Trainee: 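Structure below; questions to follow.
Protein chains get the first letters and strands the later ones, always in sequence-line order, with residue 1 at the start of each. Heavy atoms only: backbone and side chains are in, while hydrogens, waters and symmetry mates are out. Everything quoted here is computed from the prediction, not taken from an experiment.
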Protein chains: 2
Amino acid sequence: MKEKKIKKNDERCALQEILGVIGGKWSMSIIYALFPGTKRFSELERLIPGINTRMLVKELKNMEANGIVVRNVYATVPPTVEYTLTAKGAQLEPIINDLYKWGLEYIS
Amino acid sequence: MKEKKIKKNDERCALQEILGVIGGKWSMSIIYALFPGTKRFSELERLIPGINTRMLVKELKNMEANGIVVRNVYATVPPTVEYTLTAKGAQLEPIINDLYKWGLEYIS
DNA sequence: CTGTATCCTCATCGATACTG
DNA sequence: CAGTATCGATGAGGATACAG
């Protein structure tokens, strides 16, 4: 791969980095779904209407890479994979709830 | 309006609507810049490194349409245009600050 | 000073099919 | 069940020139 200029990391604005972590179209919905506790992959898929497999996988991977969720695999047949919020991810709960309340009051 | 019971489904949609309002790449930076008070167009452009005219105009228009900022034009020469957060926009301050603090703690 | 008007690139997202 | 692999569409975002 040629050295290509990475535009995304050019700017170091913290707010924009945060958006890279939780600004994805489905990120907040997934985090929201995980607030009550651990969920299996299929549960998340069912709990979040409109999302598709590819996006769920993609967002979960991104969040795992950013330390927001942990992924646990159990060697069962058929396979079982569970996702849980880390402490870092759980601390988003009040923030996302506030954001949600703000939206309810002003957007709906 | 009277349906107090909110289905999980609707909650998730709301989160995505919120992203449509403040999830733009520069939205939060602009709102953040407006917390201290009214700013002129050129001030915003200067305060937000990396943004370009087109995006600043675009986001400001979007925010104005969503009732987050108000736009005031003064018929001076050269023209003066000021942007101010509405009450709706100002209520985002604690939320964005919390988000920012979260990012500082975990992303940096 | 405060925007428009173009043109363009690239990431994001969706749909579908397939696999261990 | 929990993902991969591909392809295509869309549009967000950037660069630049120009206008009122």
Side-chain angles (χ1 to χ4, degrees), chain A residues 1-11 13 15-30 33-34 38-66 69-84, chain B residues 12-13 15-30 33-34 38-66 69-84:
Chain A
M1 243 202 219
K2 279 257 172 148
E3 50 163 322
K4 207 163 188 183
K5 212 178 177 185
I6 305 169
K7 296 187 199 163
K8 296 199 80 169
N9 291 342
D10 273 352
E11 272 105 48
C13 182
L15 285 172
Q16 293 185 12
E17 287 205 42
I18 292 169
L19 282 182
V21 179
I22 59 163
K25 180 173 179 181
W26 301 101
S27 307
M28 285 203 198
S29 301
I30 297 171
L34 286 174
T38 299
K39 294 277 181 300
R40 297 186 58 174
F41 185 87
S42 53
E43 286 184 288
L44 289 173
E45 206 163 16
R46 187 166 33 76
L47 284 169
I48 305 170
I51 201 171
N52 61 30
T53 307
R54 181 178 158 277
M55 289 315 295
L56 182 52
V57 172
K58 195 174 179 181
E59 300 272 36
L60 283 170
K61 275 187 176 168
N62 182 41
M63 289 176 180
E64 193 192 3
N66 284 288
V69 300
V70 281
R71 179 174 178 270
N72 275 82
V73 185
Y74 301 94
T76 57
V77 177
T80 300
V81 182
E82 289 182 345
Y83 292 89
T84 311
Chain B
R12 306 234 157 68
C13 291
L15 284 172
Q16 293 184 11
E17 287 203 45
I18 292 168
L19 282 181
V21 178
I22 59 162
K25 178 172 179 183
W26 301 100
S27 306
M28 285 203 199
S29 301
I30 297 172
L34 285 175
T38 299
K39 294 277 182 298
R40 296 186 59 174
F41 184 88
S42 52
E43 284 183 290
L44 289 173
E45 208 164 15
R46 187 166 32 78
L47 283 169
I48 305 170
I51 200 171
N52 61 28
T53 307
R54 182 179 159 277
M55 290 314 296
L56 182 53
V57 172
K58 196 176 179 180
E59 300 271 37
L60 282 171
K61 275 186 177 170
N62 181 41
M63 289 177 179
E64 193 192 5
N66 284 288
V69 300
V70 280
R71 179 173 177 271
N72 275 83
V73 186
Y74 300 96
T76 57
V77 177
T80 301
V81 182
E82 290 183 346
Y83 293 88
T84 312

Trainee: Report, one line per pair, each donor and acceptor closer than 3.5 Å where one atom sits in a side chain of residues 48-57 of chain A; sequence neighbours left out.
Mentor:
unit_1, atom_1, unit_2, atom_2, d
A/Asn52, OD1, A/Arg54, N, 3.4
A/Asn52, OD1, A/Met55, N, 2.9
A/Thr53, OG1, A/Glu45, OE2, 2.7

Trainee: Taking only residues two or more places apart in sequence or in another chain, which ones pass side chain to side chain contact (heavy atoms under 4.5 Å, CB included) with A/Val73?
Mentor: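 By the side chain to side chain contact (heavy atoms under 4.5 Å, CB included) rule, A/Val73 matches A/Arg71, A/Val81.
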Trainee: So what does A/Tyr83 hit on the nucleic acid, given a heavy-atom distance under 4.0 Å: a base, only sugar-phosphate, or nothing?
Mentor: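 Answer is sugar-phosphate: A/Tyr83 comes under 4.0 Å of backbone atoms only.
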Trainee: Could you check how far CD of A/Glu64 sits from C1' of D/dG3, rounded to whole Å?
Mentor: 13 Å
Trainee: Among residues at least two apart in sequence or on other chains, which ones pass side chain to side chain contact (heavy atoms under 4.5 Å, CB included) with A/Ser42?
Mentor: A/Arg40
Trainee: Roughly how many Å is it from CG in A/Leu44 to C1' in D/dC1, rounded to a whole number?
Mentor: 13 Å
Trainee: List the residues meeting side-chain hydrogen bond (donor to acceptor under 3.5 Å, both in side chains) with B/Ser29, not counting sequence neighbours, and say none if there are none.
Mentor: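 Not a single residue meets the side-chain hydrogen bond (donor to acceptor under 3.5 Å, both in side chains) criterion with B/Ser29.
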Trainee: For B/Phe41 and B/Leu60: C-alpha separation, side-chain torsions, deciding distance, then whether side-chain contact (heavy atoms from CB on, under 4.5 Å) applies.
Mentor: CA-CA 9 Å; B/Phe41 184 88; B/Leu60 282 171; 4.0 Å; yes
Trainee: Could you tell me how far apart B/Leu56 (CG) and D/dG14 (P) are, to the nearest whole angstrom?
Mentor: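 Going from CG in B/Leu56 over to P in D/dG14 covers 12 Å.
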Trainee: What nucleic acid atoms does A/Thr80 come within less than 4.0 Å of, heavy atoms only: base, sugar-phosphate, or nothing?
Mentor: sugar-phosphate
Trainee: For the CD1 atom of A/Ile30 and the CD atom of A/Glu59, what is their distance to the nearest 0.5 Å?
Mentor: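 CD of A/Glu59 is found 5.0 Å from CD1 of A/Ile30.
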Trainee: Looking only at heavy atoms, which two atoms of A/Thr84 and A/Thr38 are closest? And how far apart?
Mentor: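 The pair with the smallest heavy-atom distance is OG1-OG1, 2.7 Å.
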Trainee: Output yes when at least one side-chain N/O atom of B/Arg40 is less than 4.0 Å from OP1 or OP2 of C/dT2, else no.
Mentor: yes
Trainee: Give me the bend of the helix from C/dC1-D/dG20 to C/dG20-D/dC1, using the axes of the five pairs at each end, rounded to 10°.
Mentor: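 The angle separating the two end axes equals 50°.
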Trainee: C/dG3 P sits how many Å from B/Glu82 CD, rounded?
Mentor: 12 Å
Trainee: How about A/Ile22 and A/Ile18: do any of their side-chain heavy atoms sit closer than 4.5 Å?
Mentor: yes
Trainee: Apply side chain to side chain contact (heavy atoms under 4.5 Å, CB included) to B/Lys39 and list each qualifying residue two or more places apart in sequence or on a separate chain.
Mentor: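 Result, side chain to side chain contact (heavy atoms under 4.5 Å, CB included) vs B/Lys39: B/Leu34, B/Pro36, B/Glu43, B/Leu44, B/Leu47.
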Trainee: What's the closest nucleotide to the side chain of B/Lys61 if the choices are C/dG3, C/dT4, D/dC1?
Mentor: C/dT4
Trainee: What's B/Arg71 touching, base or sugar-phosphate or nothing? Going by heavy atoms closer than 4.0 Å.
Mentor: sugar-phosphate
Trainee: How long is the line joining CZ of B/Phe41 and P of D/dA19, in whole Å?
Mentor: 18 Å
Trainee: B/Ile22 has an atom CD1; how far is it from atom P of D/dA12, in whole Å?
Mentor: 17 Å
Trainee: Treat primed atoms plus P, OP1 and OP2 as sugar-phosphate and everything else as base, then score nucleotides 13-20 of chain C 5' to 3': B for base contact with protein heavy atoms under 4.0 Å, S for sugar-phosphate contact only, - for none.
Mentor: BBB----B
